[in-house]
Amino acid sequence: MKNSILSILAITAMLACNKKETTVGDQSADSTTTATSMDSSTVPADSTATPNATDAAASLNDQDKKFADAAATGGMMEVMMGELAASNGTNAAVKSLGAMMAKDHGKANDELKAWATATGYTLPSSLNADQQKKYDDLKMKKGAEFDRMYADLMVTDHKKDIAEFKKEASEGSETSLKTFAGKTVPTLEHHLMESEKTKTAVK
């Protein structure tokens, strides 16, 4: 009697397991079907939404890509350093220069991001190692030493920026990126002039 009860329990347990396995199998089949039907319904939308952007990104030459990457990381660094100067600077000229850099480069960064979105190009999202080191070194400085280092960096960086932006304006292949570079040059030249004035003021 005891054995027959155990046998019945064992059979019942086995049947329950089989039923569970069948249910899981059915569910996975359903989820695969659902995933397939969802994928097939989204593909046409995706394929019609991005071809122009993909084509535009593919048509960028090395000069365009190099410029866009450098402008993105350089612009980020200018904003970060500008905010630091506006809060940590001791000289009024340094604080004012920092605030202007953060505002103007922030605006240029937004324009560059809008271009990248429209073109389907992925910009770098963080500073490169050299830029990060410059920022970290500046952050460690205090007082007059901070002011001098910031002014020096702004003069050096803006001379380099102006050369890069002018090169893109004349040698780039993508029209809207060339236009962005060309129209930003006067702002950078103004930044250089103000940076040189500040450098003299904090000597």
Side-chain angles (χ1 to χ4, degrees), residues 60-116 119 121 123-203:
L60 299 175
N61 66 12
D62 286 343
Q63 164 61 29
D64 290 331
K65 291 174 186 173
K66 188 179 170 188
F67 168 76
D69 289 353
T73 59
M76 273 188 275
M77 184 183 74
E78 298 288 3
V79 171
M80 287 167 68
M81 285 187 174
E83 288 170 349
L84 198 61
S87 62
N88 291 12
T90 53
N91 187 292
V94 169
K95 284 181 171 291
S96 175
L97 183 67
M100 180 178 70
M101 293 297 180
K103 178 173 166 279
D104 291 352
H105 281 280
K107 186 181 169 197
N109 291 353
D110 289 342
E111 286 179 33
L112 188 61
K113 282 176 195 167
W115 166 83
T119 313
Y121 184 71
L123 293 169
S125 57
S126 58
L127 305 183
N128 64 37
D130 181 53
Q131 290 164 333
Q132 188 64 52
K133 186 179 184 309
K134 282 181 185 175
Y135 176 78
D136 291 341
D137 288 348
L138 179 64
K139 201 174 181 180
M140 298 297 289
K141 305 293 180 190
K142 302 286 178 202
E145 199 179 2
F146 174 93
D147 292 348
R148 280 193 294 272
M149 185 175 178
Y150 179 68
D152 283 348
L153 281 168
M154 289 305 98
V155 170
T156 308
D157 285 348
H158 280 82
K159 282 178 180 175
K160 187 171 147 239
D161 290 347
I162 290 165
E164 285 175 354
F165 275 68
K166 282 183 173 176
K167 186 178 181 186
E168 174 60 23
S170 62
E171 294 177 22
S173 68
E174 210 281 321
T175 310
S176 52
L177 191 60
K178 285 177 73 171
T179 304
F180 164 75
K183 80 183 182 93
T184 308
V185 168
T187 304
L188 296 173
E189 288 174 336
H190 175 66
H191 287 177
L192 177 59
M193 185 178 72
E194 293 301 320
S195 299
E196 285 171 336
K197 280 187 200 170
T198 303
K199 186 176 177 177
T200 305
V202 300
K203 262 183 182 175

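Looking at Lys197 and Glu194, a side-chain N of the basic residue comes within less than 4.0 Å of a carboxylate O on the acidic one, giving a salt bridge. Checked for salt-bridge contact, Lys141 and Asp137 miss the test: no charged N lies under 4.0 Å from a carboxylate O.
The OG1 atom of Thr90 sits 9.0 Å away from atom CZ of Arg148, with the distance rounded to the nearest 0.5 Å. In this structure, Glu145 CD and Leu138 CG are separated by 10.0 Å, a value rounded to the nearest 0.5 Å. Rounding to the nearest 0.5 angstrom, the gap separating the OG atom in Ser170 from the CD atom in Gln63 is 7.5 Å. To the nearest 0.5 angstrom, Thr179 atom OG1 is 12.0 Å from Trp115 atom CH2. Here Asp62 contributes atom CG and Lys65 contributes atom NZ; the two are 6.0 Å apart, rounded to the nearest 0.5 Å. Atom CD of Glu168 and atom CG of Leu177 lie 4.5 Å apart (nearest 0.5 Å).
Among all heavy-atom pairs drawn from Ala68 and Leu112, the shortest one is O-CD2, 3.8 Å. A pairwise comparison of heavy atoms in Ala169 and Ala181 identifies N-CB, 4.0 Å as the closest pair. Residues Ala85 and Gly98 share a closest heavy-atom pair of CB-CA, 3.9 Å. Of all non-hydrogen atoms in Asn61 and Gly172, the two that sit nearest each other are ND2-C, 4.3 Å.
The side chain to side chain donor-acceptor pair (under 3.5 Å) with Asp136 is formed by just one residue from the set Gln132, Lys134, Lys139; it is Gln132. With respect to Ser195, the side-chain contact (heavy atoms from CB on, under 4.5 Å) criterion is satisfied by exactly one of Leu153, Asp157, Val155: Val155.
Looking only at distances, no side-chain donor or acceptor of Asp147 sits under 3.5 Å from a matching main-chain atom of Val202. Between the Lys199 side chain and the Ala151 main chain, no donor and acceptor come within less than 3.5 Å of each other. Side-chain atoms of Asp64 come within 3.5 Å of backbone atoms of Ser173 as a donor-acceptor pair (strictly under, hydrogens ignored).
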Determine all donor-acceptor pairs shorter than 3.5 Å in which one atom belongs to a side chain in residues 69-81; sequence neighbours excluded.
from	atom 1	to	atom 2	distance (Å)
Asp69	OD1	Tyr121	OH	2.9
Asp69	OD2	Tyr121	OH	3.3
Thr73	OG1	Asp69	O	3.2
Thr73	OG1	Ala70	O	3.4
Thr73	OG1	Gln131	OE1	3.4
Thr73	OG1	Gln131	NE2	3.2

Met149 vs Met140, side-chain contact (heavy atoms from CB on, under 4.5 Å): CA-CA, chis, key distance, verdict:
CA-CA 11 Å; Met149 185 175 178; Met140 298 297 289; over 6 Å; no
Test salt bridge (Lys or Arg N to Asp or Glu O under 4.0 Å) applied to Lys66 and Glu171, step by step
CA-CA 12 Å; Lys66 188 179 170 188; Glu171 294 177 22; over 6 Å; no
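The side-chain heavy atoms of Tyr135 and Leu84, taken from C-beta on, include a pair separated by under 4.5 Å. Contact annotation: the side chain of Lys107 never approaches that of Asp104 to less than 4.5 Å [non-hydrogen atoms, C-beta and beyond]. Residues His191 and Met101 meet the side-chain proximity criterion, which asks for heavy atoms closer than 4.5 Å.
Crowding of Lys95 atom NZ: a count of heavy atoms from other residues, nucleotides or ligands under 6.0 Å exceeding 12.
Taking the six-membered ring where the residue is Trp, Phe180 and Phe165 present tilted rings, their angle falling between 30° and 60°.
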